[in-house]
Amino acid sequence: MSPAAESSTYAGGRWLLTHAHLRAVLIAALGILVALVFSRPDVLILVAPLALAAVWSAVARPAGSPRAVSRLARDRATEGEHNGIIVQAQGLQGADFAAASQAAAAWVQRRPHHGSQVHYVTEGSLRFTLGVDPLRWGNRSYGTTLVGAVGPWGAYSWGPVPLPGRQRKVAPTAEHFDTRAPAPHPRGLVGHHRSARPGQGSEFSAIRHFQWGDKLKNIHWPRSLRTGELHVTSSYADQDTHVALILDAQNDLGISEGLGGASSTLDRSVRAAAAIAEHFAHQGDRVSLQVISGAVPKRLNPGTGSRHYRRLLQMLADAVPAPEREISPEKIRLGLRAGTLVVIVSALVSEAMLSRAAALARSGLTVVAVDVLSGAEPQLQQADAYERLAWRLRMIEREHEIRRVGQAGVAVVPWRDPGTLDTVLRMLTRRGGAGVR
Amino acid sequence: MRELIRHGSAAQLLLRAVIALAGLGFTALLTVISERGVADFWTALAPAALSLAAALWPQNLAPLGMLAYSVVAWVAVNDDVRTAWTLPAAALLLILHTGAAAAAVLPVAASVPAQLWIRWTGRAAAVMVVTILAWMLMRAVSGLLIPGAALILLAATLLAGAAALAHDRWARAQAG
């Protein structure tokens, strides 16, 4: 069975009389009765159109066995992208028109906005496409589709029959992100970043004496002729790095209106994590992901490339906000070797998350905490004075906690624009030049 | 009704207006024929209220109530069986019935394809042509006192209707 067939839903049924047909029959019968009993041919003329409509409807009743199948146009969608539910209705011989309506669902934008379509039936089958564009990442239900058809004079109808909605994972859209700064401590075999060690690479290091094993093409002839000894041009090795993304999904502060609207802290976290992962995975670095949540904690092993990035997006889409129940200190550094660049994407309101960041920094790793709450604080217009005061106090406390984490060696940067990590990565690279901790 | 006001498409609102206007037109006809004035409950106020109810709730019993009341009121009010007012009255009842049938099955918010309007209007026109022929036959035979004239008229009307239906099917087969 194809994936499309697996994801499709089916509904059948039969043609049923409508109120309109019963009405036409009853009124025609009443009129004929009155005309015959009271010898009133004018009443016969009065109800003649309805009698004709009733006879016409009965003779021209739809003949087919109506059924409908629906499926999603795209099983894997990204928030903000167009998607659609394709409804294929068959057995509509003799029908006048068919209609389909898509039920409203949270964070799904319908096209047309009311979700209903009416199509004129010319043959026995019809195909609708109802737009359902996901507005927010996560496990989204696309809602139930109702489909039906109507015969001549609205006398016979099929449906509306429900085609159950589907739930599909919607991947987050990566925010715009770019960085030109190198990763602080590349330790891999081949990659994009300049290593601290000399080796095979593209960036010039020095001109030194020839050694056994040097390639002849690297001989620097002007210096060799001038000094009378063979000299070669050496370069720094190019290496990749392991970027360990840690997504804090313990809290979701603020209101989410989907892509293009107001964003909650978890929205910003997920989209920022997607952007950072996209950048590093596409430049050849190994990216791993850990989702910290009490509901569905998840871990993705390091990998690189587009396929790995898609897996990572699917995992980000699973993030569900829930506070972590317990932290085992021995598992905090699980799978993170020396030289790993740890990027924590968090609202930094959870004390547990701050403790984790400090512990990782103390263990010798380079830790960057991306603060998604800074500059995007939740709207508090509906909060009362006490709630606002409580929020201000919590923010002051948070600033203090962030300062303490900074003292422990964690670089905290607010999530702002494409160059968010540039300055901090350059600083960490310079610090790393003195020796990797 | 709230859904109609909030989400009703132009086509749906037009259909409701057609139902209401057809019902009010029939009410006006009753008022003219009865000569009882616009404030009379049985010939003006009651059918007007039923017309509005049929426009607002076409999917339930309101249109049936309006049509049944119309037939009974016509019998009570009209004394001249050969009057030409029978034809516009029949046309208004057909428009009311057809509009209510369409309004009941079309999604409130959806727009309606133009072909659908054309098809339904064409059918109603065909039925009215047959009705006019039947009325002319009725005019012809009502003065002759033919036994069973009403039955003959009924049979003739059904035959003409069958001819209109056959033409519609032929036209659809040609289009398909």
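Here is how names work: the chains are called A, B, and so on, in the same order as the sequence lines, proteins then strands, and each is numbered from 1.
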Novice: Do the side chains of A/Phe97 and B/Val112 get nearer than 4.5 Å, heavy atoms only?
Specialist: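 No; the side chains remain at least 4.5 Å from each other.
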Novice: Answer with side chain, backbone, both or neither: which region of A/Ala24 has an atom nearer than 4.5 Å to a non-hydrogen atom of chain B?
Specialist: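 When you check distances to chain B, atoms from both the backbone and side chain of A/Ala24 fall under 4.5 Å.
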Novice: If every non-hydrogen atom of A/Arg23 is compared with every non-hydrogen atom of B/Leu64, which pair is closest and at what distance?
Specialist: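 It is CD-N, 3.4 Å.
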Novice: Heavy atoms, side chains only, cut-off 4.5 Å: are B/Ser111 and A/Val118 in contact?
Specialist: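 The answer is no, as the side chains (C-beta and beyond) never meet within the 4.5 Å cut-off.
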Novice: Just wondering, do B/Val108 and A/His114 contact through their side chains at under 4.5 Å, heavy atoms?
Specialist: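 Of all side-chain heavy-atom pairs linking B/Val108 with A/His114, none is under 4.5 Å.
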Novice: Counting only heavy atoms closer than 4.5 Å, note whether A/Val150 contacts chain B via side chain, backbone, both or neither.
Specialist: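 Side chain only.
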Novice: Below 4.5 Å, heavy-atom pairs only: which of B/Val71, B/Leu116, B/Val72 has the largest tally toward chain A?
Specialist: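 Answer, by heavy-atom pair count under 4.5 Å with chain A: B/Leu116.
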Novice: For atom CH2 of B/Trp117, decide whether the heavy atoms of other residues, nucleotides or ligands shown that lie under 6.0 angstrom number more than 12.
Specialist: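 Yes, CH2 of B/Trp117 has more than 12 neighbouring heavy atoms, counting only those of other groups under 6.0 Å.
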Novice: By a 4.5 Å heavy-atom criterion (distance strictly below it), what part of A/His113 contacts chain B: side chain, backbone, both, or neither?
Specialist: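 Neither part, no heavy atoms under 4.5 Å.
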Novice: Does A/Arg111 CZ have over 12 foreign heavy atoms under 6.0 Å away?
Specialist: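 Yes, enclosed.
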Novice: Of the backbone (N, CA, C, O) and the side chain (C-beta and beyond), which part of B/Ala104 lies under 4.5 Å from a heavy atom of chain A, both, or neither?
Specialist: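 Interface part for B/Ala104: neither.
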Novice: Are any side-chain N or O atoms of A/Arg40 and backbone N or O atoms of B/Val81, one a donor and one an acceptor, separated by less than 3.5 Å?
Specialist: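 No: the side chain of A/Arg40 does not pair with the backbone of B/Val81.
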Novice: For chain A, which candidate among B/Ala91, B/Pro63, B/Ala11 shows the most heavy-atom pairs at distances under 4.5 Å?
Specialist: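 Among the listed options, the one with the most contacts to chain A is B/Pro63.
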Novice: Could you check whether any side-chain heavy atom of A/Trp153 comes within less than 4.5 Å of a side-chain heavy atom of B/Val127, counting everything from C-beta outward?
Specialist: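 In short, these two side chains touch, coming nearer than 4.5 Å.
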Novice: Can you say whether B/Trp74 sits under 4.5 Å from chain A via the side chain, the backbone, both, or neither, judging by heavy atoms?
Specialist: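 Both backbone and side chain of B/Trp74 come within 4.5 Å of chain A.
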Novice: So, for A/Val121 and B/Arg119, which heavy atoms are closest and what is the spacing to 0.1 Å?
Specialist: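 It is O-NH2, 3.7 Å.
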Novice: Top residue by heavy-atom pair count (under 4.5 Å) with chain B, among A/Gly154, A/Ser116, A/Pro49?
Specialist: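 Most pairs with chain B among the choices: A/Pro49.
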Novice: Report the C-alpha distance between B/Arg123 and A/Asp96 in whole Å, list the side-chain angles of each, state the deciding distance to 0.1 Å, and finish with yes or no for salt bridge (Lys or Arg N to Asp or Glu O under 4.0 Å).
Specialist: CA-CA 12 Å; B/Arg123 278 196 198 130; A/Asp96 261 7; 2.8 Å; yes
Novice: To the nearest 0.5 Å, tell me how far B/Phe26 CZ sits from A/Leu46 CG.
Specialist: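 It comes to 5.5 Å.
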Novice: Hey, could you give me the CE/CG distance between B/Met128 and A/Leu52, rounded to the nearest 0.5 Å?
Specialist: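 With rounding to 0.5 Å, CE (B/Met128) is 10.0 Å from CG (A/Leu52).
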Novice: Which one, B/Asp80, B/Thr98, B/Leu67, B/Leu92, leads in non-hydrogen pairs under 4.5 Å with chain A?
Specialist: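 Of the candidates given, the most pairs with chain A belong to B/Leu67.
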Novice: Which bit of B/Asn78 is near chain A, if near means a heavy-atom gap under 4.5 Å: side chain, backbone, both or neither?
Specialist: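 Both backbone and side chain.
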Novice: Starting at CG of A/Asp42, measure out to CH2 of B/Trp135 and round the result to the nearest 0.5 Å.
Specialist: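 Between atom CG of A/Asp42 and atom CH2 of B/Trp135 there are 11.5 Å.
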Novice: Chain A heavy atoms under 4.5 Å from B/Ala102: which part of the residue, side chain, backbone, both or neither?
Specialist: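 Neither part.
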Novice: Name the region of A/Leu146, side chain, backbone, both or neither, that has any atom closer than 4.5 Å to a heavy atom of chain B.
Specialist: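 When you check distances to chain B, no heavy atom of A/Leu146 falls under 4.5 Å.
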